[in-house]
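We use all heavy atoms of the structure for the numbers below, so side chains are in, but hydrogens, waters and symmetry mates are not.
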Amino acid sequence: MSSPMGGSEMPAAGGVVKIAPSILNADFAHLADEVAAAEAAGADWIHVDVMDGHFVPNLTLGPPAVKALRRVTRLPLDVHLMIEAPERFAPAFVDAGADRVTVHQEAGPNLHRVVQGIRELGARPGVSLNPATPLELLDEILPYVDLVLIMTVNPGFGGQHYIPTSTAKIARLARTLRERGLTHVELEVDGGISPATAPEATAAGATVLVAGAAIFNDHGSIAENLAALRRAATR
């Protein structure tokens, strides 16, 4: 796996929940500076949302953007592929420097093959579920992934509101991971995460919080916003 800056996994400070700022809401004209500010403020990962305009109704970034990010940060790059046929593109993202690559359960019929392929390439595989997709569809893939991403909004756009029923879903997954001895699997939550919603997500069992609009906004600096989210998540 190409990783000129290292891309090593870093534990969350003090063992608390990890914060993964999503660059979907960053200022793309100053992206390197925004990522540097997030890293300096104590972010644990950088979250990269990849959308193809088919699986979700939006277009975003490709492997060249991940390669550029790899050059400017030592933080792990957490790449979320919201795309059809992820097996066609996952290798390019790993080669560009992605440390974690998450694909959707809903994106194709050969999930195990895609997950195994990501691991063989040297990255850590994850699987994501849309809000209306039942947890039971993960039963067979859970032993093969390092991360499960629960979408708490319908994917495609930043700045949406957290779906309240997601909290029970997070709690059920956390219980399943404990019961199956899979406590090494990160439970990531993405969508509408803010200081108002972080406490219930973490109380339910989330170990990684993805936040875009709550960190990259005009209401406070990146450092101030990340600190506020961290405080809320560790209450």
Side-chain angles (χ1 to χ4, degrees), residues 5-51 58 60-61 65-66 68-80 97-100 102 147 149-164 166-167 170 186-235:
M5 294 292 292
S8 60
E9 293 288 349
M10 300 178 185
V16 299
V17 64
K18 298 179 181 70
I19 305 293
S22 169
I23 63 168
L24 185 63
N25 293 89
D27 180 355
F28 275 52
H30 303 93
L31 187 56
D33 292 337
E34 301 259 283
V35 169
E39 182 171 355
D44 298 288
W45 302 349
I46 297 297
H47 188 80
V48 183
D49 290 304
V50 178
M51 309 180 193
N58 198 1
T60 55
L61 306 167
V66 172
L69 287 168
R70 182 73 284 153
R71 291 196 296 266
V72 300
T73 183
R74 294 183 181 277
L75 292 181
L77 296 179
D78 177 37
V79 176
H80 177 196
D99 296 282
R100 294 178 181 268
T102 297
L147 177 150
L149 170 55
I150 297 296
M151 292 301 301
T152 47
V153 299
N154 290 295
F157 299 94
Q160 299 185 67
H161 295 295
Y162 181 94
I163 297 173
S166 301
T167 304
I170 296 166
E186 299 279 11
L187 202 172
E188 189 172 42
V189 176
D190 183 1
I193 295 297
S194 70
T197 57
E200 64 181 287
T202 54
T207 63
V208 184
L209 298 179
V210 176
I215 292 176
F216 300 107
N217 60 52
D218 296 327
H219 305 303
S221 70
I222 291 170
E224 290 167 341
N225 293 336
L226 200 149
L229 185 62
R230 179 84 71 190
R231 287 194 298 272
T234 55
R235 286 174 185 165

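- Here the side chains of L69 and L31 are in contact, with some heavy-atom distance below 4.5 Å.
- Atom-to-atom distance recorded for L209:CG and S22:OG is 13.0 Å, nearest 0.5 angstrom.
- With T207 contributing its side chain and E186 its backbone, the two residues share no donor-acceptor pair below 3.5 Å.
- One distance of note links CZ of R231 with CG of L226; it measures 10.0 Å at 0.5 Å rounding.
- Atom CD1 of residue I170 and atom OG1 of residue T202 lie 9.0 Å apart, to the nearest 0.5 angstrom.
- A pairwise comparison of heavy atoms in P195 and L229 identifies N-CD1, 3.8 Å as the closest pair.
- The side-chain heavy atoms of F28 and L61, taken from C-beta on, include a pair separated by under 4.5 Å.
- In this structure, the side chains of E188 and H80 stay at 4.5 Å or more apart for every pair of heavy atoms.
- Annotation: side chain of I46 is not in contact with side chain of R70 (no heavy-atom distance under 4.5 Å).
- Looking at every heavy atom in both residues, T197 comes nearest to G192 through OG1-O, 2.8 Å.
- Across every non-hydrogen atom of H219 and N217, the tightest pair is N-OD1, 2.8 Å.
- Taking CD1 of I222 as the start and CZ of F216 as the end, the distance is 5.0 Å to the nearest 0.5 Å.
- The two residues I19 and D44 have their closest heavy-atom pair at N-OD2, 2.8 Å.
- Between E39 and V72, the shortest heavy-atom distance links the atoms OE1-O, 4.3 Å.
- Of the candidates D190, V189, D78, D190 is the only one forming a side-chain contact (heavy atoms from CB on, under 4.5 Å) with L149.
- Scored by the side chain to side chain donor-acceptor pair (under 3.5 Å) test, E200 finds T167 as partners (sequence neighbours excluded).
- A donor-acceptor pair under 3.5 Å is formed between the side chain of R230 and the backbone N or O of G42.
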Margin query: With side-chain contact (heavy atoms from CB on, under 4.5 Å) as the criterion, how do I23 and V48 come out once you've worked through the C-alpha distance, each side chain's angles and the decisive distance to 0.1 Å?
Written below: CA-CA 6 Å; I23 63 168; V48 183; 4.3 Å; yes
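- Considering only heavy atoms from C-beta on, N25 stays 4.5 Å or farther from I215 through its side chain.
- Judged purely by atom type and a 3.5 angstrom limit, T152 uses its side chain to pair as donor or acceptor with the backbone of G191.
- Among all heavy-atom pairs drawn from L77 and G97, the shortest one is CD1-O, 3.9 Å.
- A side-chain N or O of H47 and one of D49 form a donor-acceptor pair less than 3.5 Å apart.
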